Amino acid sequence: MTDGAEDPIAVKLGHLFEASDTDRDGFVDWSDYERLIGRYLDGYGIGADDRRADALRAAYQGYWSELLRQVNGVDRLSREQFVVANQAAGVDGSRFAMAEVVPQAIFDVMDTDADDAISKPEYKVFLEAWGVSDLEALNVFLELDTDDDGRISRSEFIGAIRDFFTSPELESPASLFFGHIDH
(Lines give C-alpha, C1' and ligand atoms only; values in the text may rest on other atoms or scores of the structure.)
Protein backbone atom coordinates (compact mmCIF):
# COMPACT_ATOMS: atom_id res chain seq x y z
CA MET A 1 0.00 0.00 0.00
CA THR A 2 1.33 3.39 -0.87
CA ASP A 3 0.24 5.28 2.26
CA GLY A 4 2.35 3.13 4.57
CA ALA A 5 -0.67 1.44 6.15
CA GLU A 6 -0.48 -2.30 6.62
CA ASP A 7 -2.55 -4.46 4.28
CA PRO A 8 -5.79 -5.29 6.17
CA ILE A 9 -5.79 -8.89 4.97
CA ALA A 10 -2.23 -9.27 6.26
CA VAL A 11 -3.42 -7.83 9.59
CA LYS A 12 -6.18 -10.45 9.77
CA LEU A 13 -3.80 -13.24 8.77
CA GLY A 14 -1.41 -12.08 11.49
CA HIS A 15 -4.28 -12.36 13.96
CA LEU A 16 -4.99 -15.86 12.63
CA PHE A 17 -1.30 -16.71 13.07
CA GLU A 18 -1.46 -15.72 16.74
CA ALA A 19 -4.55 -17.88 17.25
CA SER A 20 -2.99 -20.79 15.33
CA ASP A 21 0.29 -20.72 17.28
CA THR A 22 -1.21 -22.89 20.00
CA ASP A 23 2.05 -23.47 21.86
CA ARG A 24 3.06 -19.79 21.62
CA ASP A 25 6.57 -20.55 20.31
CA GLY A 26 6.42 -17.92 17.56
CA PHE A 27 5.90 -20.47 14.79
CA VAL A 28 3.03 -22.47 13.39
CA ASP A 29 3.72 -26.10 12.60
CA TRP A 30 1.62 -29.22 12.16
CA SER A 31 1.58 -29.88 15.92
CA ASP A 32 -0.29 -26.57 16.38
CA TYR A 33 -3.03 -27.84 14.06
CA GLU A 34 -3.08 -31.20 15.81
CA ARG A 35 -3.73 -29.36 19.09
CA LEU A 36 -6.44 -27.26 17.45
CA ILE A 37 -8.11 -30.35 15.98
CA GLY A 38 -7.93 -31.96 19.43
CA ARG A 39 -9.61 -28.89 20.95
CA TYR A 40 -12.44 -29.15 18.44
CA LEU A 41 -12.92 -32.86 19.02
CA ASP A 42 -12.76 -32.53 22.81
CA GLY A 43 -15.03 -29.49 22.86
CA TYR A 44 -17.69 -31.12 20.72
CA GLY A 45 -17.28 -34.58 22.26
CA ILE A 46 -16.30 -36.21 18.98
CA GLY A 47 -14.18 -39.35 18.98
CA ALA A 48 -10.97 -39.50 16.97
CA ASP A 49 -12.43 -42.30 14.83
CA ASP A 50 -15.57 -40.34 13.86
CA ARG A 51 -15.90 -39.50 10.15
CA ARG A 52 -16.15 -35.79 11.06
CA ALA A 53 -12.79 -36.03 12.85
CA ASP A 54 -11.28 -37.69 9.78
CA ALA A 55 -12.69 -34.99 7.50
CA LEU A 56 -11.45 -32.21 9.78
CA ARG A 57 -7.98 -33.72 9.98
CA ALA A 58 -7.85 -34.24 6.19
CA ALA A 59 -9.00 -30.66 5.54
CA TYR A 60 -6.37 -29.20 7.85
CA GLN A 61 -3.70 -31.48 6.35
CA GLY A 62 -4.60 -30.20 2.88
CA TYR A 63 -4.48 -26.61 4.11
CA TRP A 64 -1.14 -27.19 5.86
CA SER A 65 0.34 -28.87 2.77
CA GLU A 66 -0.74 -25.93 0.64
CA LEU A 67 0.85 -23.44 3.03
CA LEU A 68 4.10 -25.39 2.98
CA ARG A 69 4.01 -25.56 -0.82
CA GLN A 70 3.77 -21.77 -0.92
CA VAL A 71 6.97 -21.36 1.13
CA ASN A 72 9.04 -24.10 -0.49
CA GLY A 73 8.32 -26.85 2.00
CA VAL A 74 9.72 -25.57 5.29
CA ASP A 75 8.26 -27.49 8.22
CA ARG A 76 7.20 -24.54 10.38
CA LEU A 77 6.13 -21.01 9.58
CA SER A 78 7.04 -17.71 11.15
CA ARG A 79 4.35 -15.05 11.27
CA GLU A 80 5.65 -13.46 8.07
CA GLN A 81 5.85 -16.81 6.26
CA PHE A 82 2.35 -17.71 7.46
CA VAL A 83 0.89 -14.45 6.12
CA VAL A 84 2.73 -14.74 2.79
CA ALA A 85 1.76 -18.41 2.38
CA ASN A 86 -1.91 -17.73 3.10
CA GLN A 87 -1.97 -14.79 0.70
CA ALA A 88 -0.29 -16.84 -2.04
CA ALA A 89 -2.60 -19.81 -1.44
CA GLY A 90 -5.59 -17.51 -1.65
CA VAL A 91 -4.45 -16.17 -5.00
CA ASP A 92 -3.69 -19.66 -6.35
CA GLY A 93 -7.23 -21.02 -6.41
CA SER A 94 -6.25 -23.84 -8.73
CA ARG A 95 -5.00 -26.16 -5.99
CA PHE A 96 -6.80 -25.83 -2.70
CA ALA A 97 -9.81 -23.80 -1.75
CA MET A 98 -8.87 -23.07 1.88
CA ALA A 99 -11.91 -20.86 2.24
CA GLU A 100 -14.14 -23.83 1.35
CA VAL A 101 -12.70 -27.21 2.43
CA VAL A 102 -11.61 -26.41 5.99
CA PRO A 103 -14.75 -24.39 6.84
CA GLN A 104 -17.01 -27.16 5.55
CA ALA A 105 -15.25 -29.69 7.78
CA ILE A 106 -15.33 -27.31 10.76
CA PHE A 107 -19.02 -26.62 10.21
CA ASP A 108 -19.78 -30.36 10.20
CA VAL A 109 -17.97 -30.72 13.54
CA MET A 110 -19.70 -27.66 15.03
CA ASP A 111 -23.20 -28.72 13.95
CA THR A 112 -23.60 -31.28 16.72
CA ASP A 113 -27.36 -31.64 16.31
CA ALA A 114 -27.10 -31.98 12.49
CA ASP A 115 -29.69 -29.27 11.82
CA ASP A 116 -27.42 -27.56 9.25
CA ALA A 117 -27.09 -24.49 11.45
CA ILE A 118 -24.86 -23.37 14.31
CA SER A 119 -26.50 -22.38 17.58
CA LYS A 120 -24.95 -20.00 20.10
CA PRO A 121 -23.74 -22.87 22.33
CA GLU A 122 -22.24 -24.69 19.32
CA TYR A 123 -20.49 -21.50 18.22
CA LYS A 124 -19.19 -20.81 21.71
CA VAL A 125 -17.31 -24.14 21.68
CA PHE A 126 -15.70 -23.15 18.34
CA LEU A 127 -14.41 -19.90 19.76
CA GLU A 128 -13.25 -21.56 22.97
CA ALA A 129 -11.11 -23.86 20.81
CA TRP A 130 -9.47 -20.71 19.45
CA GLY A 131 -9.20 -19.03 22.88
CA VAL A 132 -11.80 -16.29 22.34
CA SER A 133 -13.73 -15.03 25.40
CA ASP A 134 -17.45 -15.57 26.02
CA LEU A 135 -18.44 -11.93 25.51
CA GLU A 136 -16.62 -11.82 22.20
CA ALA A 137 -18.23 -15.14 21.22
CA LEU A 138 -21.72 -13.76 21.69
CA ASN A 139 -20.92 -10.54 19.84
CA VAL A 140 -19.30 -12.38 16.92
CA PHE A 141 -22.20 -14.83 16.74
CA LEU A 142 -24.68 -11.97 16.48
CA GLU A 143 -22.58 -10.35 13.74
CA LEU A 144 -22.26 -13.58 11.71
CA ASP A 145 -25.99 -14.31 11.94
CA THR A 146 -26.64 -11.95 9.04
CA ASP A 147 -30.32 -12.86 8.65
CA ASP A 148 -31.02 -12.50 12.41
CA ASP A 149 -32.68 -15.91 12.74
CA GLY A 150 -30.74 -16.81 15.89
CA ARG A 151 -28.40 -19.28 14.19
CA ILE A 152 -25.55 -19.31 11.70
CA SER A 153 -26.37 -21.21 8.54
CA ARG A 154 -23.78 -23.12 6.57
CA SER A 155 -23.78 -20.42 3.89
CA GLU A 156 -23.36 -17.64 6.49
CA PHE A 157 -20.43 -19.51 8.06
CA ILE A 158 -18.68 -20.41 4.79
CA GLY A 159 -19.24 -16.90 3.44
CA ALA A 160 -17.78 -15.38 6.59
CA ILE A 161 -14.65 -17.54 6.39
CA ARG A 162 -14.25 -16.60 2.71
CA ASP A 163 -14.63 -12.94 3.63
CA PHE A 164 -12.07 -13.30 6.43
CA PHE A 165 -9.46 -14.28 3.84
CA THR A 166 -10.51 -11.82 1.13
CA SER A 167 -12.24 -8.73 2.55
CA PRO A 168 -10.12 -5.69 3.38
CA GLU A 169 -12.68 -4.59 6.01
CA LEU A 170 -11.21 -5.07 9.49
CA GLU A 171 -14.51 -4.40 11.26
CA SER A 172 -16.71 -6.66 9.13
CA PRO A 173 -18.35 -9.61 10.90
CA ALA A 174 -16.03 -12.03 9.09
CA SER A 175 -12.98 -10.20 10.39
CA LEU A 176 -14.09 -10.82 13.98
CA PHE A 177 -13.75 -14.62 14.04
CA PHE A 178 -10.92 -14.50 16.56
CA GLY A 179 -12.09 -11.43 18.39
CA HIS A 180 -11.65 -7.78 17.59
CA ILE A 181 -8.48 -6.90 15.73
CA ASP A 182 -6.29 -4.18 17.16
CA HIS A 183 -4.94 -2.08 14.32
Side-chain angles (χ1 to χ4, degrees), residues 9-50 52-90 96-112 118 121-141 144 152 157-158 160-162 164-165 170 174-183:
I9 293 173
V11 170
K12 290 191 289 185
L13 292 172
H15 204 60
L16 176 60
F17 172 85
E18 296 300 325
S20 299
D21 181 12
T22 60
D23 62 2
R24 304 291 178 240
D25 68 352
F27 293 92
V28 170
D29 61 28
W30 178 244
S31 68
D32 290 301
Y33 288 109
E34 288 177 323
R35 274 187 289 284
L36 184 58
I37 292 164
R39 289 178 189 172
Y40 281 127
L41 300 181
D42 291 345
Y44 290 104
I46 295 173
D49 58 346
D50 187 290
R52 295 170 295 172
D54 292 339
L56 183 64
R57 195 171 296 103
Y60 269 112
Q61 285 171 336
Y63 170 58
W64 179 243
S65 293
E66 183 59 21
L67 293 181
L68 295 182
R69 187 180 78 81
Q70 297 296 335
V71 292
N72 298 319
V74 298
D75 64 350
R76 65 184 196 157
L77 303 176
S78 67
R79 180 186 181 110
E80 180 181 340
Q81 290 169 318
F82 181 87
V83 170
V84 168
N86 271 283
Q87 288 174 320
F96 182 75
M98 67 185 165
E100 299 293 332
V101 177
V102 174
Q104 292 283 356
I106 292 171
F107 187 93
D108 290 340
V109 166
M110 292 170 63
D111 185 17
T112 58
I118 304 303
E122 289 168 330
Y123 193 73
K124 184 174 179 248
V125 173
F126 165 78
L127 290 178
E128 287 171 350
W130 286 98
V132 178
S133 75
D134 292 352
L135 178 57
E136 287 175 303
L138 178 59
N139 292 337
V140 172
F141 181 90
L144 294 177
I152 299 171
F157 184 75
I158 303 304
I161 297 276
R162 187 179 308 113
F164 178 86
F165 284 97
L170 291 176
S175 296
L176 305 176
F177 264 112
F178 308 105
H180 289 279
I181 297 173
D182 298 323
H183 53 278

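Owing to the predicted nature of the structure, the values given are computational and were not obtained by experimental measurement. Just so you know, these numbers use all the heavy atoms, side chains as well, and skip hydrogens, waters and symmetry mates.
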Query raised in the report: Does the distance from a Lys or Arg side-chain N to an Asp or Glu carboxylate O, for Arg79 and Glu18, drop under 4.0 Å?
Result: yes
**Report entry** Heavy-atom closest contact (Ala85 atom, Gln70 atom, distance)
**Finding:** O-CG, 3.6 Å
Report task. Taking atom types as modelled, find out whether Asp32 and Thr22 have a side-chain donor-acceptor pair closer than 3.5 angstrom. Result -> yes
Query - Between CZ on residue Arg52 and CG on residue Asp111, distance to nearest 0.5 Å - result: 8.5 Å
Report task. Indicate the ring-plane relationship of Tyr63 and Phe165, choosing parallel, tilted or perpendicular according to the 30° and 60° boundaries. Result -> perpendicular
Requested in this report: Considering non-hydrogen atoms only, spot the tightest contact between Val28 and Tyr33 and give its length.
Outcome: CG1-CE1, 3.5 Å
Query raised in the report: Can you name the closest pair of heavy atoms from Arg76 and Asp29 and give their distance?
Result: CB-CB, 3.7 Å
Query raised in the report: Do any N or O atoms from the side chain of Asp50 and from the backbone of Asp54 form a donor-acceptor pair under 3.5 angstrom?
Result: no
Query raised in the report: Does the side chain of Phe164 come within less than 4.5 Å of Ile9's, by heavy atoms?
Result: no
Query raised in the report: How long is the gap from CD on Glu100 to CD1 on Ile158, to the nearest 0.5 Å?
Result: 6.5 Å
Query - Distance in Å, Phe141 CZ paired with Ile152 CD1, rounded so as to fall on 0.5 Å steps - result: 4.5 Å
Query - Pairwise side-chain contact, Asp75 with Trp30, heavy-atom cut-off 4.5 Å (strictly under) - result: no
Query raised in the report: Shortest non-hydrogen contact from Gly47 to Ala53?
Result: O-CB, 3.5 Å
Query raised in the report: For Ser78, does its backbone N or O pair with a side-chain atom of Gln81 as donor and acceptor, under 3.5 Å?
Result: yes
Requested in this report: Determine the minimum heavy-atom distance between Ala129 and Leu36, stating which atoms define it.
Outcome: O-CD1, 3.7 Å
Query raised in the report: Leu13 and Phe82: which non-hydrogen atoms are nearest, and at how many Å?
Result: O-CE2, 3.5 Å
Report task. For the residue pair Val140 and Phe126, establish whether any side-chain heavy-atom pair is separated by less than 4.5 Å. Result -> no
Query raised in the report: Got a second to check how far Arg69's CZ is from Glu66's CD, nearest 0.5 Å?
Result: 4.0 Å
Query raised in the report: Any side-chain donor paired with an acceptor under 3.5 Å for Glu34 and Ser31?
Result: no
Query raised in the report: Just wondering, do Met110 and Val125 contact through their side chains at under 4.5 Å, heavy atoms?
Result: no
Query raised in the report: Given side chains that start at C-beta, do those of Phe17 and Asn86 come closer than 4.5 Å, heavy atoms only?
Result: no
Requested in this report: Could you tell me how the ring of Tyr40 sits relative to the ring of Tyr44: parallel (under 30°), tilted (30 to 60°) or perpendicular (over 60°)?
Outcome: parallel
**Report entry** Side chain proximity check, Leu41 to Arg57, heavy atoms < 4.5 angstrom
**Finding:** yes
Query - Whether Glu122 side chain and Thr112 backbone form a donor-acceptor pair below 3.5 Å - result: yes
Report task. Please tell me if the side chains of Tyr60 and Ile106 come closer than 4.5 Å, counting only heavy atoms from C-beta onward. Result -> yes
Query raised in the report: Taking the side chain as C-beta and beyond, is there a heavy-atom pair between Ile118 and Phe107 under 4.5 Å?
Result: yes
